[in-house]
Amino acid sequence: MVNATKGLFISCDIPMAQFIINFNASLPASQKFIIHVLDNTHLFVQPHMADMLRNAIAEFREQNSYEKPT
């Protein structure tokens with residue numbers, strides 16, 4: 001019998017994958033969303049966490065963006 005799990009496949013660069021893994025590790029056990037780390041640049045996560053993950057990534061990118069002083 002085959003076991004199938006519905007999820008979201010994420011392909012990203014290594015630093016972003018590390019951010020997602022660390023973000024997952026910072027959550028309580030009941031909210032962890034990574035189903036499987038496939039390799040350094042590919043993750044399989046629970047689909048209902050997509051919006052929360054997008055918001056966390058957007059916030060991370062905003063904090064780490066260079067703005068030229070005026």
Side-chain angles (χ1 to χ4, degrees):
M1 178 176 232
V2 176
N3 290 332
T5 303
K6 186 174 185 179
L8 182 68
F9 176 75
I10 298 175
S11 179
C12 56
D13 59 0
I14 294 173
M16 187 55 66
Q18 287 302 310
F19 169 76
I20 295 169
I21 292 168
N22 288 335
F23 180 66
N24 183 65
S26 72
L27 296 173
S30 63
Q31 294 181 341
K32 297 204 185 277
F33 56 88
I34 293 179
I35 297 170
H36 192 70
V37 177
L38 303 171
D39 62 22
N40 289 339
T41 59
H42 299 97
L43 306 167
F44 192 60
V45 302
Q46 296 177 359
H48 66 276
M49 300 300 280
D51 289 333
M52 185 182 79
L53 192 53
R54 280 189 192 103
N55 291 337
I57 290 170
E59 188 176 310
F60 174 72
R61 285 185 174 169
E62 189 175 304
Q63 291 174 353
N64 291 302
S65 295
Y66 175 76
E67 292 182 20
K68 186 176 180 180
T70 55

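Of the possible donor and acceptor atoms, none in the side chain of Asn24 sits under 3.5 Å from a partner among the backbone N and O of Ile20. Although no hydrogens or angles enter the test, the distance criterion places a donor-acceptor pair under 3.5 Å between the side chain of Lys32 and the main chain of Leu27.
Ring centroids of Phe44 and Phe9 are separated by 6.0 Å or more, keeping the two rings apart.
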Worksheet item: side-chain contact (heavy atoms from CB on, under 4.5 Å) between Leu8 and Ile35: does it pass, once the steps are laid out?
Response: CA-CA 9 Å; Leu8 182 68; Ile35 297 170; over 6 Å; no

Item to complete: Could you check Phe33 against Phe23 for side-chain contact (heavy atoms from CB on, under 4.5 Å), going step by step and ending with a plain yes or no?
Response: CA-CA 10 Å; Phe33 56 88; Phe23 180 66; 3.7 Å; yes

Discussion item. Apply side-chain contact (heavy atoms from CB on, under 4.5 Å) to residues Ile10 and His42 and explain how you reach the verdict.
Written reply: CA-CA 6 Å; Ile10 298 175; His42 299 97; over 6 Å; no

Fill in: Criterion side-chain contact (heavy atoms from CB on, under 4.5 Å) on Arg61 and Met16, from CA distance to verdict
CA-CA 10 Å; Arg61 285 185 174 169; Met16 187 55 66; 3.8 Å; yes

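In terms of heavy-atom proximity, Ile14 sits nearest to Thr41 at CG1-CG2, 3.7 Å. Across all non-hydrogen atoms, the minimal contact from Pro47 to Gly7 is CD-CA, 3.6 Å.
Here the straight-line distance linking atom CD1 of Ile57 with atom CD of Glu62 works out to 14.0 Å at 0.5 Å rounding. Within the model, atoms OG of Ser11 and CG of Leu43 stand 9.0 Å from one another, a figure rounded to the nearest 0.5 Å. Within the model, atoms CG of Asn22 and CZ of Phe60 stand 9.5 Å from one another, a figure rounded to the nearest 0.5 Å.
Listed by chain and residue number, Arg54 satisfy the salt bridge (charged side-chain N to carboxylate O under 4.0 Å, His left out) test with Asp51 (two or more places apart in sequence, or in another chain).
Through direct or relayed side-chain contacts under 4.5 Å between Ile, Leu, Val, Met, Phe, Trp and Tyr, Met1 connects to no other residue.
Connection of Leu38 to Ile21 is not established within any shared hydrophobic cluster, with ILVMFWY side chains joined at heavy-atom distances below 4.5 Å, either directly or through further cluster members.
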